[in-house]
Amino acid sequence: MGTPAPAEPISPRSPRVAAAKRLARRNFRTKERRFLAEGPQAVREAVGHRGPGGPTLTELFATAEAAERHPEIVAEARASGARVHHASDEVLAEVSQTVTPQGLVGVCRFLDSPFEEILRARPRLVAVLAHVRDPGNAGTVLRCADAAGADAVILTDASVDLYNPKSVRASVGSLFHLPVAVGVPVEQAVSGLRAAGVRILAADGAGEHDLDAELDAGTMGGPSAWVFGNEAWGLPEETRALADAVVRVPIHGKAESLNLATAAAVCLYASARAQRASGGCRSVTPS
């Protein structure tokens with residue numbers, strides 16, 4: 001590979017800064033197929049990720065203070081071939097989408113996976129974000145899915161942009177850990193997963209099936225996909241009708257409801273535990 005190029009000082013008026021700043025807007029992200037990852041955790045995960053087109057991180061803006069605090073991130077970025085810029089606080093303020101930038105902002109290639117590729121991998125636990133509009137919730141559900149050991153996340157065409165800066169931040173690096181498909185019509189997502197042998201479970205507070213009862217009945221051990229809806233109004237009836245079961249998380253106390261991310265964590269972990277129990281699909285050695 002040779003000796004990596006040294007980091008380059010960069011002016012706030014540089015075209016590279018302007019190009020990175022434009023990635024805050026969805027139309028530019030889509031056109032360039034690039035997005036921003038901010039902060040040491042996200043950048044560390046981006047540096048270690050490689051997609052079909054090569055290393056995911058293509059460019060890094062780092063203040064002197066951040067480079068001194070995280071020398072291993074900067075060194076690995078350089079070694080991977082990313083262009084590394086010494087950036088002033090003024091430059092970071094230009095490209096960052098946070099009130100208090102953490103000194104590292106990376107430019108990354110899109111990394112979503114084709115839906116067909118996810119199906120070919122025979123997933124056993126999937127989160128489907130069917131009508132999720134809040135980017136922070138989308139990123140948090142992705143993080144929950146990663147923590148629960150899900151095989152993939154699918155964002156339908158009615159959901160928020162995966163690469164919204166708030167989504168990327170809320171995922172806290174989990175975006176780089178598991179396959180994510182985007183822009184899939186919900187009907188296609190459901191039919192494809194069902195054909196792959198996955199049971200479709202719609203999470204809804206008014207569901208006729210109780211999550212505890214499903215666990216007690218032993219129905220949760222097989223491959224499953226949880227469909228999550230809008231933060232305010234849940235799942236529309238036509239989406240509920242696509243599911244094999246509409247399941248509610250029981251409320252044992254006086255709370256009116258659970259927020260989306262909390263409900264997603266409960267549902268995904270319930271499936272993960274059932275699948276790892278004796279007889280569950282994750283306890284069987286793949287053939």
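- The two residues Leu268 and Cys144 have their closest heavy-atom pair at CD1-C, 4.2 Å.
- Applying the salt bridge (Lys or Arg N to Asp or Glu O under 4.0 Å) test to Arg29 and every residue at least two apart in sequence or in another chain returns Asp161.
- The nearest pair of heavy atoms linking Arg122 to Ala196 is NH2-O, 3.1 Å.
- Cluster annotation: Val198 and Leu125 are assigned to distinct hydrophobic clusters (Ile/Leu/Val/Met/Phe/Trp/Tyr, side-chain heavy-atom contacts under 4.5 Å, transitive).
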- Assess whether side chain to side chain contact (heavy atoms under 4.5 Å, CB included) is satisfied between Glu45 and Val172, documenting all intermediate values. CA-CA 9 Å; Glu45 300 297 336; Val172 197; over 6 Å; no
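- Put simply, the side chain of Ser159 never gets that close to the backbone of Leu155: no donor and acceptor are under 3.5 Å apart.
- Open room surrounds CD on Glu68; 12 or fewer heavy atoms of other groups in view lie less than 6.0 Å from it.
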- Test side chain to side chain contact (heavy atoms under 4.5 Å, CB included) applied to Asp212 and His252, step by step: CA-CA 11 Å; Asp212 285 350; His252 300 302; 3.3 Å; yes
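- From Leu111, atom CG reaches atom CG of Leu57 across 11.5 Å, with rounding to the nearest 0.5 Å.
- Linking ILVMFWY side-chain heavy atoms closer than 4.5 Å, directly or via other members, places Val182 and Ile154 in two distinct hydrophobic clusters.
- Proximity of a side-chain donor or acceptor of Thr63 to a complementary backbone N or O of Asp89 within less than 3.5 Å is not detected.
- Note that the CG atom of Leu36 and the SG atom of Cys108 stand 8.0 Å from one another [nearest 0.5 Å].
- In terms of modelled atom types and a separation under 3.5 Å, the side chain of Ser80 and the main chain of Ala77 share a donor-acceptor contact.
- Thr100 and Thr98 form no side-chain donor-acceptor contact under 3.5 Å, judged by distance and modelled atom types alone.
- Between the side chain of Trp226 and the backbone N or O of Cys267 there is at least one donor-acceptor pair closer than 3.5 Å.
- Rounding to the nearest 0.5 Å gives a distance of 7.5 Å between CG of Leu142 and CG of Leu129.
- Considering only residues two or more places apart in sequence or on other chains, Ala42 meets the side chain to side chain contact (heavy atoms under 4.5 Å, CB included) condition with Ala37.
- Shown here for Ser167 and Pro135, the closest heavy-atom pair between the two residues is OG-O, 3.0 Å.
- Among all heavy-atom pairs drawn from Tyr269 and Ala147, the shortest one is OH-O, 3.2 Å.
- The two atoms that bring Val227 and Ala130 nearest to each other are CG1-CB, 3.7 Å, heavy atoms only.
- The side chain to side chain donor-acceptor pair (under 3.5 Å) test applied to Asn164 returns no partner, not counting sequence neighbours.
- Looking at Glu38, its side chain never comes within 3.5 Å of a backbone N or O of Leu104 through a donor-acceptor pair.
- In this structure the side chain of Val74 reaches within 4.5 angstrom of the side chain of Arg78, judged on heavy atoms.
- With contacts defined as side-chain heavy-atom distances shorter than 4.5 Å, the pair Thr140/Leu260 does not qualify.
- Taking a 4.5 Å side-chain heavy-atom cut-off between Ile, Leu, Val, Met, Phe, Trp and Tyr, the cluster of Val246 contains only that residue.
- Salt-bridge formation is detected for the pair Glu214/Arg199: a Lys NZ or Arg NE/NH1/NH2 atom is positioned less than 4.0 Å from an Asp or Glu carboxylate oxygen.
- Distance check, rounded to the nearest 0.5 Å: CD of Glu59 to CD1 of Ile10 gives 6.5 Å.
- The side-chain heavy atoms of Leu162 and Val180, taken from C-beta on, include a pair separated by under 4.5 Å.
- Side chains of His85 and Leu60 form no contact here, defined as non-hydrogen atoms less than 4.5 Å apart.
- Here the side chains of Gln97 and Arg169 are in contact, with some heavy-atom distance below 4.5 Å.
- Using a 4.5 Å cut-off between side-chain heavy atoms of Ile, Leu, Val, Met, Phe, Trp and Tyr, with links allowed through other members, Ile118 and Val132 fall into different hydrophobic clusters.
- Geometric assessment of Arg22 against the ring of Phe28 yields a positive cation-pi assignment under the 6.0 Å and 45° thresholds.
- A distance of 5.0 Å separates CG of Asp151 from CZ of Arg124, quoted to the nearest 0.5 Å.
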For residues 236-244, which side-chain donor-acceptor pairs fall under 3.5 Å, sequence neighbours excluded?
{"residue": "Glu237", "atom": "OE1", "partner": "Arg240", "partner atom": "NE", "Å": "3.3"}
{"residue": "Thr239", "atom": "OG1", "partner": "His131", "partner atom": "NE2", "Å": "3.1"}
{"residue": "Arg240", "atom": "NH1", "partner": "Asp204", "partner atom": "OD1", "Å": "3.1"}
{"residue": "Arg240", "atom": "NH1", "partner": "Asp204", "partner atom": "OD2", "Å": "3.2"}
{"residue": "Asp244", "atom": "OD1", "partner": "Arg194", "partner atom": "NE", "Å": "3.3"}
{"residue": "Asp244", "atom": "OD1", "partner": "Arg194", "partner atom": "NH2", "Å": "3.2"}
{"residue": "Asp244", "atom": "OD2", "partner": "Ile200", "partner atom": "N", "Å": "2.8"}

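- Using a 4.5 Å heavy-atom cutoff, the side chains of Asn230 and Leu235 are not in contact.
- Taking 4.5 Å as the limit, some side-chain heavy atom of Ile251 sits within range of a side-chain heavy atom of Leu258.
- The closest donor-acceptor contact from the side chain of Thr156 to the backbone of Val186 lies at 3.5 Å or more, if one exists at all.
- Salt-bridge annotation for Arg248 and Glu208: absent, with no side-chain N of the basic residue lying under 4.0 Å from a carboxylate O of the acidic one.
- Taking OG1 from Thr262 and CG from Asn137, the interatomic distance works out to 9.0 Å, rounded to the nearest 0.5 Å.
- Listed for the Gln275 side chain is a donor-acceptor partner under 3.5 Å among the backbone atoms of Gly222.
- A continuous path of hydrophobic side-chain contacts links Val266 to Val141 [ILVMFWY only; heavy atoms under 4.5 Å].
- Side-chain atoms of Phe61 and Val91, non-hydrogen and from C-beta on, do get closer than 4.5 Å to each other.
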- Task: Kindly determine whether Phe176 and Asp146 satisfy side chain to side chain contact (heavy atoms under 4.5 Å, CB included), including the steps that lead there.
- Result: CA-CA 10 Å; Phe176 302 98; Asp146 180 22; over 6 Å; no
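- Of all heavy-atom pairs spanning Pro250 and Asp210, the tightest one is CB-OD2, 3.4 Å.
- Judged by distance alone, with hydrogens and angles left aside, the side-chain atoms of Ser171 form no donor-acceptor pair with the main-chain N or O of Gly139 at under 3.5 Å.
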- Query: Yes or no on side chain to side chain contact (heavy atoms under 4.5 Å, CB included) for Arg44 and His70, after CA distance, side-chain angles and deciding distance?
  - Reply: CA-CA 9 Å; Arg44 181 181 291 109; His70 305 285; 3.9 Å; yes
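- Within the structure, side chain to side chain donor-acceptor pair (under 3.5 Å) contacts touching residues 101-119 (residues at least two apart or in different chains) are Asp112-Tyr163.
- When the side chains of ILVMFWY residues are joined at heavy-atom separations under 4.5 Å, either directly or via intervening members, Val153 and Phe115 end up in two distinct hydrophobic clusters.
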